Amino acid sequence: VPTAVRSWPWRRKSVTDTPAAGSPRVVSRTCVEIVGRLVLGMLKIRVGALTFTARLEEKAAPKTVAVIRKMLPLKSKIVHCRWSGESTWIPMGDRNLGLDFENHTSHPAPGMLLLYPGGISETELLFPYGSTMFASKVGQLAGNHFATITQGQEQLPEIGRLTLWEGAQEITIEEVR
């Protein structure tokens, strides 16, 4: 008399228990996220001779990331901040980006890139290298945190030294493809 084979809920429902050649049975979510970040959602930033890699904060600031992507590649000058402490910035004047606040902060950690969409002060991109409280001549501001430096953090203080003692520096920001 044949015995019934018990079907376990975690068992694959197919004729065989082996996946098709080359396709894994289960893919780690962490693995997919890491691989996805290596291919998509990364920025390469050059300030003078310094090079940085940054992760776009696509989940926390999707609208801001979309606006930033439209600006890329961005080539400009970066200067030292006057009111924000240990930070540098790219002035963008009265440029209207059509953004509201999203994932915003006034106290970014070193390497947290912010985009201020304008309003009280001019539109700008903030690139902090040390202790920062984002502000302008009219007072405290908040900017949208859209990217975080993941490689080159040890070079952040050099951005401050360069812009403070040697003046405006060339900056290029492009998405890694």
Side-chain angles (χ1 to χ4, degrees), residues 36-37 40-177:
R37 286 185 185 147
L40 300 172
M42 299 298 287
L43 298 176
K44 184 174 190 175
I45 304 168
R46 288 185 209 93
V47 178
L50 307 174
T51 302
F52 302 88
T53 303
R55 176 189 66 245
L56 287 167
E57 301 295 342
E58 297 178 90
K59 289 182 182 175
K63 293 175 184 173
T64 306
V65 167
V67 166
I68 287 291
R69 279 192 166 122
K70 289 177 186 174
M71 292 184 203
L72 300 178
L74 176 67
K75 295 178 186 212
S76 190
K77 296 273 191 177
I78 191 165
V79 295
H80 201 275
C81 286
R82 293 174 274 189
W83 300 283
S84 296
E86 296 176 327
S87 189
T88 56
W89 65 303
I90 301 171
M92 297 181 176
D94 293 333
R95 190 174 189 172
N96 183 355
L97 302 176
L99 274 176
D100 287 324
F101 291 115
E102 173 184 62
N103 195 33
H104 55 289
T105 183
S106 293
H107 299 275
M112 286 175 60
L113 278 60
L114 305 184
L115 180 64
Y116 177 70
I120 297 172
S121 186
E122 69 181 291
T123 302
E124 64 186 86
L125 192 151
L126 191 76
F127 195 145
Y129 64 87
S131 179
T132 301
M133 186 190 83
F134 188 26
S136 73
K137 62 184 173 183
V138 296
Q140 187 171 343
L141 302 173
N144 297 349
H145 173 211
F146 72 90
T148 305
I149 299 295
T150 57
Q151 291 180 341
Q153 297 97 326
E154 70 283 354
Q155 301 177 93
L156 288 171
E158 182 62 9
I159 294 176
R161 191 196 69 73
L162 282 171
T163 56
L164 185 62
W165 296 104
E166 296 181 25
Q169 299 292 308
E170 296 288 331
I171 183 168
T172 303
I173 303 174
E174 54 194 358
E175 189 162 9
V176 177
R177 300 239 178 224

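All values derive from a computational prediction rather than experimental measurement.
Taking every heavy atom of both residues into account, Leu156 and Pro110 meet most closely at CD1-C, 3.9 Å. The heavy-atom pair separating Leu97 from Met71 by the smallest distance is CD2-CE, 3.5 Å. Scanning all heavy atoms of the two residues, the minimum distance from Thr163 to Gln169 falls at CG2-CG, 3.9 Å. Of all heavy-atom pairs between Met92 and Leu125, the closest is CE-CB, 4.0 Å.
Residue pairs meeting the ring pair (Phe, Tyr, Trp, His ring centres under 6.0 Å) criterion with at least one member in residues 151-177: none, sequence neighbours excluded. Within the structure, the side chain to side chain donor-acceptor pair (under 3.5 Å) test picks out the following pairs touching residues 109-133 (sequence neighbours left out): His80-Tyr129. Sorted by first then second residue, the side chain to side chain donor-acceptor pair (under 3.5 Å) pairs that include residues 81-100, not counting sequence neighbours, number zero. The side chain to side chain donor-acceptor pair (under 3.5 Å) contacts involving residues 153-162 comprise Glu158-Arg161, Arg161-Glu166, where partners must be two or more places apart or lie in separate chains. Legend: ring pair (Phe, Tyr, Trp, His ring centres under 6.0 Å) pairs involving residues 41-74, not counting sequence neighbours, sorted by first then second residue: Phe52-Phe127.
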Does the pair Lys75 and Thr172 meet the rule for a side-chain contact (heavy atoms from CB on, under 4.5 Å), with working shown?
-> CA-CA 5 Å; Lys75 295 178 186 212; Thr172 303; 4.0 Å; yes
Do Gln151 and Met42 pass the side-chain contact (heavy atoms from CB on, under 4.5 Å) test, and can you show the C-alpha distance, the side-chain angles, and the key distance before you say yes or no?
-> CA-CA 11 Å; Gln151 291 180 341; Met42 299 298 287; over 6 Å; no
Pair Arg177-Glu175, side-chain contact (heavy atoms from CB on, under 4.5 Å): steps then yes or no | CA-CA 6 Å; Arg177 300 239 178 224; Glu175 189 162 9; 3.3 Å; yes
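Atom-to-atom distance recorded for Ile90:CD1 and Ile173:CD1 is 4.5 Å, nearest 0.5 angstrom. Taking CG of Leu115 as the start and CD1 of Ile68 as the end, the distance is 4.5 Å to the nearest 0.5 Å. Here the CD1 atom belonging to Ile45 is positioned 8.0 Å from the CD1 atom belonging to Ile159, to the nearest 0.5 angstrom. Between the CG atom in Leu141 and the CE atom in Met133 there is a gap of 8.5 Å [rounded to 0.5 Å].
Considering only residues two or more places apart in sequence or on other chains, Ala168 meets the side-chain contact (heavy atoms from CB on, under 4.5 Å) condition with Lys77, Val79. For His145, there are no ring-ring contact (aromatic ring centres under 6.0 Å, His included) partners two or more places apart in sequence or in a different chain. Considering only residues two or more places apart in sequence or on other chains, Ala61 meets the side-chain contact (heavy atoms from CB on, under 4.5 Å) condition with Thr64, Glu102, Asn103. For Thr105, there are no side-chain hydrogen bond (donor to acceptor under 3.5 Å, both in side chains) partners, not counting sequence neighbours. Under the side-chain hydrogen bond (donor to acceptor under 3.5 Å, both in side chains) criterion, Ser106 pairs with Gln140, not counting sequence neighbours.
Salt bridge status for Glu57 with Arg55: present, with a side-chain N to carboxylate O gap under 4.0 Å. Between Glu170 and Arg46 there is no salt bridge, since no side-chain N of the basic residue sits under 4.0 Å from a carboxylate O of the acidic one.
The number of heavy atoms from other shown groups lying within 6.0 Å of CG (Leu72) is above 12.
Side chain of Thr53 to main chain of Thr150: no donor-acceptor pair is present (N/O by atom type, distance under 3.5 Å, no hydrogens or angles).
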